[in-house]
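In what follows, a structure is listed as structure tokens, so that the remarks can point back to it.
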2 protein chains.
Amino acid sequence: MNQPKIRNMEAFAAACGISRPTISKYFHDATSVRKSTRERIEAAIEEYDYRPNIFAIDQNRRKTKNIGIVVPYLADPVFGEIARNLERRCLEAGFRATLLSAHGEQELEIEAFDRLKALRPAGVLLAPLGRQSNLDALSQFCDEVPTVLFDRNIPGVGQAFVGSDNESFLSQSTEYLARTGEAPCFFEMKHPLNPNSIARRRSYQASMKALGLEPMTVQIDGEGWNLEEIGYEGAMQVLQNGSLPTNTVLCSNDRLAIGFLAACHQKGLRVGRHSGCAMRVAGHDDHPFSRFTCPPLTTVGHDYDVVSNYGVECLFNLIEKGGRFESRTETKFSARLVLRDSA
Amino acid sequence: MNQPKIRNMEAFAAACGISRPTISKYFHDATSVRKSTRERIEAAIEEYDYRPNIFAIDQNRRKTKNIGIVVPYLADPVFGEIARNLERRCLEAGFRATLLSAHGEQELEIEAFDRLKALRPAGVLLAPLGRQSNLDALSQFCDEVPTVLFDRNIPGVGQAFVGSDNESFLSQSTEYLARTGEAPCFFEMKHPLNPNSIARRRSYQASMKALGLEPMTVQIDGEGWNLEEIGYEGAMQVLQNGSLPTNTVLCSNDRLAIGFLAACHQKGLRVGRHSGCAMRVAGHDDHPFSRFTCPPLTTVGHDYDVVSNYGVECLFNLIEKGGRFESRTETKFSARLVLRDSA
DNA sequence: GAAAAAACTTTACGCGTGACAAGATTTATT
DNA sequence: AATAAATCTTGTCACGCGTAAAGTTTTTTC
């Protein structure tokens with residue numbers, strides 16, 4: 001342990017009394033060297049606490065053991081949770097994960113692309129910004145690096161897409177709400193950043209029409225990623241001026257719904273599906289905290305575990321096939337209604 | 001734009017008609033080359049869309065422009081938000097930030113250390129796991145890389161510490177609650193992972209004694225990072241068996257408090273500081289969502305912006321001084337009571 | 001217009017590793 | 001024990017860039 005510090009593989013090889021290429025082979029695949037050699041190397045690792053420089057390794061390897069993960073906004077708990085799941089899966093599969101966030105900015109997403117190109121990853125799991133993405137940079141990146149898109153689809157970009165079936169989400173929630181009370185209006189941002197939002201609005205409208213009902217959308221102002229605040233402010237406005245067409249509100253996502261709940265509380269409106277409640281509020285995504293809102297939020301989502309697992313598997317397939325699929329596939333996981341007290 | 005792809009600086013230099021060392025100089029400092037040269041290079045960058053490989057750059061530079069940020073658990077919104085702020089500051093200062101999460105696991109924290117060593121960062125902002133950290137690996141890392149600890153202090157480790165003054169936090173909240181109603185009990189995990197928790201408990205006890213009151217702590221079971229759930233389950237238990245010694249609960253942190261609020265709602269207990277409320281609940285940290293709980297959470301915190309700004313400044317100082325301070329400083333930001341409706 | 005200064009080019013080496021080929025040594029097979 | 005097979009060593013090049021020294025060209029200065 002207290003040996004002089006080893007600076008590189010050459011010095012480590014000398015300290016082992018084994019040649020550098022053999023050491024290199026060992027680190028690439030420990031079973032590729034003779035057992036006695038392996039034991040000598042492992043003893044020396046213990047003694048000198050040496051580990052190869054990860055970035056130097058990747059610079060020259062044909063196939064790296066790196067996977068890039070890019071999310072649009074890491075401070076959003078939904079992406080925090082998804083990213084954590086994805087990273088864990090990658091590690092379990094013997095890959096190293098590099099997590100990058102665009103922080104909601106086009107420039108930073110492009111930066112992330114550059115970084116990943118330099119890292120030469122075996123593959124990338126990418127949730128693009130969407131409307132804010134630079135499409136040229138995005139599609140060029142996907143041409144150079146084997147990429148699976150997730151969460152947010154951009155048609156034709158990437159080798160595959162894995163995400164949510166917005167239609168299933170919306171038909172489940174719309175139908176449930178319409179069946180158990182007043183038909184819901186759809187509460188969303190006027191200019192949503194998330195491509196799913198638009199699909200969700202359309203699906204809501206289609207679901208309502210299929211039920212023989214007239215769609216009612218409530219579109220609120222606001223820009224950026226402070227969705228709870230945007231939801232809160234928007235809700236305060238519509239509650240104040242009484243422009244809500246129904247007592248049942250279906251929010252485009254859970255973060256808006258959390259803001260809506262806060263506004264209802266502020267206004268003294270009791271939310272819930274039980275008697276004595278003035279309103280029903282539901283969301284989408286099954287946000288990590290939606291279990292702990294007051295009342296707990298009725299929402300629609302899918303198991304993070306299952307979806308991240310599938311996304312990672314899809315990427316591993318892609319990597320095995322050399323980075324190209326014959327045709328682009330879109331896998332959309334359908335919804336599971338999560339019935340809680342809010343609606 | 002549609003030129004043949006440039007693979008490296010050599011090829012780019014050839015395409016420019018300028019020597020590689022000059023190109024290298026340009027990327028290191030654009031003003032270090034003649035104006036006419038700069039323009040030629042910039043025109044070529046436009047044309048070929050070339051950018052140097054970030055990792056190859058750092059491998060050999062004396063001083064890199066890299067800053068490492070390590071957090072214990074990125075899916076925790078508090079750390080998500082802090083990390084976002086820190087990254088932004090680093091970028092503004094012309095550095096590149098590399099964000100790593102230990103995901104609550106000792107092994108992954110050690111992995112993060114290895115990665116950062118390989119990256120040869122100019123400096124590192126590190127929020128250690130705390131109880132779960134491997135102290136040997138941690139202090140060895142801090143010896144090798146200029147490091148500023150933040151959020152969680154480990155005495156003697158790192159060149160400086162920047163974080164919260166837990167005593168100020170607790171004295172403010174305890175005093176306020178005692179003054180405006182029943183004295184608070186302190187609600188916390190029996191075996192908290194966060195070093196701040198222990199300091200907070202002590203400060204609570206000291207504050208109560210200073211007020212001539214007997215401290216009352218409620219310690220709940222639970223392991224891991226699902227703090228809302230742990231808080232919820234713990235609250236359900238104490239509410240069920242009536243073991244709460246007072247109607248005012250001061251939670252060790254906001255995430256536990258969010259769980260507590262959910263339990264109160266479940267039990268039909270109205271929370272707030274107004275008449276007609278059965279309980280008061282307060283937290284600590286000013287969690288990004290504490291504004292949107294029902295009722296909005298009274299808590300104690302400091303401006304994320306101010307603290308991250310100071311932490312980054314501190315690290316820049318350290319970098320300028322060559323990576324060593326003469327003596328280790330501990331900067332603790334004092335609290336600001338955030339009065340909302342819950343207490 | 002000559003001298004001085006600045007900017008550039010050429011050449012060469014370094015960083016820490018992967019990869020490959022040729023030969024030497026060890027182990028397994030018969 | 002002889003042979004084949006597996007494993008290892010030695011040597012060399014590659015990756016994409018930083019850096020330094022020495023020589024050349026361009027620009028500035030007076």
Side-chain angles (χ1 to χ4, degrees), chain A residues 5-42 44-45 48-66 96 114-122 144, chain B residues 5-42 44-45 48-66 96 114-122 144:
Chain A
K5 188 80 176 302
I6 297 286
R7 45 191 77 219
N8 58 27
M9 195 179 276
E10 186 103 37
F12 179 71
C16 280
I18 292 174
S19 73
R20 192 177 65 79
T22 302
I23 304 286
S24 172
K25 254 185 89 181
Y26 166 83
F27 279 111
H28 187 239
D29 174 8
T31 68
S32 70
V33 302
R34 198 186 301 153
K35 198 178 154 199
S36 60
T37 311
R38 183 160 70 243
E39 283 162 0
R40 279 168 64 199
I41 295 175
E42 276 157 5
I45 292 177
Y48 298 100
D49 194 40
Y50 166 77
R51 285 175 232 194
N53 182 310
I54 318 179
F55 299 102
I57 290 175
D58 290 336
Q59 191 164 4
N60 217 5
R61 237 214 265 278
R62 298 228 184 288
K63 288 265 162 200
T64 71
K65 275 294 190 179
N66 255 312
R96 215 175 309 111
D114 278 345
R115 260 214 235 201
L116 285 180
K117 283 184 207 164
L119 208 56
R120 310 182 340 104
E144 293 178 36
Chain B
K5 186 79 174 302
I6 296 286
R7 43 193 79 221
N8 56 28
M9 196 179 275
E10 185 103 38
F12 179 70
C16 280
I18 292 175
S19 73
R20 191 175 66 77
T22 302
I23 305 285
S24 173
K25 252 184 92 181
Y26 166 84
F27 278 111
H28 186 237
D29 174 10
T31 68
S32 69
V33 302
R34 199 187 298 153
K35 198 178 155 199
S36 59
T37 311
R38 182 160 69 245
E39 281 162 1
R40 279 169 63 199
I41 295 175
E42 274 157 6
I45 292 178
Y48 298 101
D49 193 39
Y50 166 77
R51 285 175 233 192
N53 182 309
I54 320 179
F55 299 102
I57 290 176
D58 290 338
Q59 192 164 5
N60 220 1
R61 240 217 262 280
R62 298 224 185 290
K63 287 264 161 203
T64 70
K65 275 294 190 181
N66 252 318
R96 215 174 308 113
D114 278 346
R115 259 213 235 199
L116 285 181
K117 283 185 208 165
L119 209 54
R120 307 181 344 104
E144 293 178 36

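Just the heavy atoms: all of them, side chains too, but no hydrogens, waters or symmetry mates, feed the values below. By convention in this document, chain letters (A, B, ...) are assigned in the order of the sequence lines, proteins followed by strands, and residues within each chain are numbered from 1. Just so you know, these numbers come straight off a predicted model, no measurement behind them.
We find the OG1-NZ distance between Thr37(A) and Lys35(A) to be 12.0 Å, quoted to the nearest 0.5 Å.
Taking only side-chain nitrogens and oxygens, Arg40(A) never comes nearer than 4.0 Å to OP1 or OP2 of dT7(D). The shortest distance between the side-chain N/O atoms of Ser32(B) and the OP1/OP2 oxygens of dA7(C) is not below 4.0 Å. Proximity of Asn60(A) to the phosphate of dC15(D): no side-chain N or O atom is located under 4.0 Å from OP1 or OP2. Proximity of Ser24(A) to the phosphate of dG18(C): a side-chain N or O atom is located under 4.0 Å from OP1 or OP2. The phosphate of dA7(C) has neither OP1 nor OP2 within less than 4.0 Å of any side-chain N or O from Tyr26(B). Taking side-chain N and O atoms only, Thr22(A) has no distance below 4.0 Å to OP1 or OP2 of dT7(D).
Salt-bridge check for Asp114(B) with Arg51(A): passed, with a basic side-chain N closer than 4.0 Å to an acidic carboxylate O. Salt-bridge annotation for Asp58(A) and Arg96(A): present, with a side-chain N of the basic residue lying under 4.0 Å from a carboxylate O of the acidic one.
Candidate nucleotides dT19(D), dT27(D), dT17(C) were compared by shortest atom distance to the side chain of Arg34(B), and dT27(D) ranks first. The side chain of Val33(A) lies closest to dC8(D), out of dC8(D), dT10(C), dG18(C). When each of dT10(D), dG16(C), dT10(C) is scored by its nearest atom to the side-chain atoms of Pro21(B), the top-ranked nucleotide is dT10(C). Taking every side-chain heavy atom of Asn53(B) into account, dC17(D) is the closest of dT7(D), dC17(D), dC15(C).
Residue-level contact check: Phe27(B) touches neither bases nor backbone, having no heavy atom under 4.0 Å from any strand. Residue Arg20(A) is in base contact, counting any heavy-atom pair closer than 4.0 Å across all strands shown.
Residue Glu10(A) contributes atom CD, which lies 15 Å from atom C1' of dA19(C) at whole-angstrom precision. Taking atom NZ on Lys25(B) and atom C1' on dT19(D), their separation rounds to 12 Å, with Å as the unit. Between Arg51(B) atom CZ and dG16(D) atom P there is a gap of 17 Å when expressed in whole angstrom units. With rounding to whole Å, Asp29(B) atom CG is found 13 Å from dG18(D) atom P. Rounded to whole Å, atom P of dT7(D) lies 14 Å from atom CD1 of Ile18(A). Atom CZ of Phe55(A) and atom P of dG18(C) are 14 Å apart (whole Å). The interatomic distance linking Ile54(A) (CD1) with dC15(C) (C1') rounds to 16 Å, in whole Å. Here the P atom of nucleotide dC15(C) and the CD1 atom of Ile57(A) are 17 Å apart, to the nearest Å.
Nearest-nucleotide positions on DNA chain C for Arg62(A) and Asn8(A) put Asn8(A) closer to the 5' end. Both Ile23(B) and Gly17(A) lie close to DNA chain D; mapped to their nearest nucleotides by heavy-atom distance, the more 5′-ward contact belongs to Gly17(A). Sequence order on DNA chain C of the closest nucleotides to Arg38(B) and Met9(A) puts Arg38(B) first from the 5' end.
Ring planes of Tyr50(A) and Phe12(A): parallel class, angle under 30° (limits at 30 and 60°).
Counting heavy-atom neighbours within 6.0 Å of Arg38(A) CZ, excluding the residue itself, gives a total above 12.
Residues Ile57(A) and Pro52(A) share a closest heavy-atom pair of CD1-CB, 3.8 Å.
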